[in-house]
Number of protein chains: 2
Amino acid sequence: MKNRLKVLRAEKDWTQADLADALDVSRQTINAIEKGKFDPSLPLAFKAARLFNLPIEKIFDDEYEA
Amino acid sequence: MKNRLKVLRAEKDWTQADLADALDVSRQTINAIEKGKFDPSLPLAFKAARLFNLPIEKIFDDEYEA
DNA sequence: ATATAAAGTAAATAACACTTTACTTTTTGT
DNA sequence: ACAAAAAGTAAAGTGTTATTTACTTTATAT
């Protein structure tokens, strides 16, 4: 699943480590999600949505298949 | 995490099995999610949102802690 | 150019989403 | 009351999300 975390981070001038701290996950988790290695859990997606004050759908992009 | 699946199902007069079929998961998975035993994955949440034509936040309710 | 910060990557492990099978309890209809 | 459908529950197993530690590569600043 694609996401706009890198852009949203850039807008706030945050490093991956900054975002990781804000979301209470490891820096590697942020990196893996940004690189599309795996999808965040729903609670983590909610946390990101609250942090950026955006709906989940405006951060994560589920281009649906079948 | 709370959710409104039971109500949304009722509005369409669907059983847990009907919803499970529509979302391509097992009936037990629907039951467990409805009973709050675990949270759906983000892709499954997106699928439910599409099915009910609602934003994720209108189906799942993450009352945030800390 | 070189030091430093940031980002990328990888392996091992832990935690959780989801499945299958199977059984019990509750609800609904006649 | 009774049968049938729906919902609830549980255990064992699989795959994925997320963690930690640690190392390499890329970007930034002086």
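Predicted model only: the values in this text are computed from it and were never measured. Within every chain, numbering begins at 1; the chains are lettered A, B, ... in the order of the sequence lines, protein sequences first and strands thereafter.
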Check the phosphate of dC18(C) against Ser41(B), side-chain N and O only, distance under 4.0 Å to OP1 or OP2. Yes or no? yes
Using a 4.5 Å cut-off on heavy atoms from C-beta on, say whether the side chain of Asn3(B) contacts that of Asp61(B). no
Would one find a side-chain N or O of Thr29(B) under 4.0 angstrom from OP1 or OP2 of dC18(C)? no
Interface polar pairs with nucleotides 8-11 of chain C, N/O, under 3.5 angstrom:
unit_1	atom_1	unit_2	atom_2	d
dG8(C)	OP2	Gln16(A)	NE2	2.7
dG8(C)	OP2	Asn31(A)	ND2	2.9
dG8(C)	N7	Arg27(A)	NH1	3.3
dG8(C)	O6	Arg27(A)	NH2	2.8

Roughly how many Å is it from CD1 in Ile30(B) to C1' in dA17(C), rounded to a whole number? 12 Å
Roughly how far, to the nearest 0.5 Å, is the CG atom of Leu42(B) from the CZ atom of Phe38(A)? 12.5 Å
Identify the pairs formed between an N or O of the protein and an N or O of nucleotides 27-30 of chain D at a distance under 3.5 Å, and give each distance.
none

Please examine the side chains of Asp13(A) and Asp18(A), heavy atoms only from C-beta on, and report whether any two atoms are closer than 4.5 Å. no
Between P on dA7(C) and CD1 on Ile33(A), what's the gap in Å once rounded to a whole number? 15 Å
For Asp21(B) and dT19(C), give me the distance from atom CG to atom P, rounded to whole Å. 11 Å
Under the salt bridge (charged side-chain N to carboxylate O under 4.0 Å, His left out) test, residues paired with Arg9(A) that sit two or more places apart: Glu34(A)
Can you check the Asp39(A) CG to dT16(D) P distance for me, whole Å? 11 Å
Reckon Ser26(B) touches a base, only the sugar-phosphate, or nothing at all at heavy-atom distances under 4.0 Å? base
Mind calculating the distance between CG (Leu42(B)) and C1' (dC16(C)) to the nearest angstrom? 15 Å
Which of dC18(C), dA6(D), dA18(D) is nearest the side chain of Leu44(A)? It is dA18(D)
Whether Asn31(A) side chain and Gln28(A) backbone form a donor-acceptor pair below 3.5 Å: no
Whole-Å distance separating the CG atom of Asn3(B) from the P atom of dA17(C): 13 Å
Starting at CG of Asp13(A) and ending at P of dA5(C), how long is that distance when rounded to a whole Å? 16 Å
Verdict with reasoning, Phe52(A) to Leu5(A), per side-chain contact (heavy atoms from CB on, under 4.5 Å): CA-CA 9 Å; Phe52(A) 290 113; Leu5(A) 289 181; 4.0 Å; yes
May I ask you to test the Leu19(A)-Leu51(A) pair for a side-chain heavy-atom distance under 4.5 Å? yes
Nearest-Å distance for atom pair CG/C1', residues Leu5(A) and dA7(C): 15 Å
Do the non-hydrogen side-chain atoms of Leu44(A) and Val25(A) ever get within less than 4.5 Å of each other? yes
Side chain of Glu57(A), backbone of Pro55(B): donor and acceptor closer than 3.5 Å? no
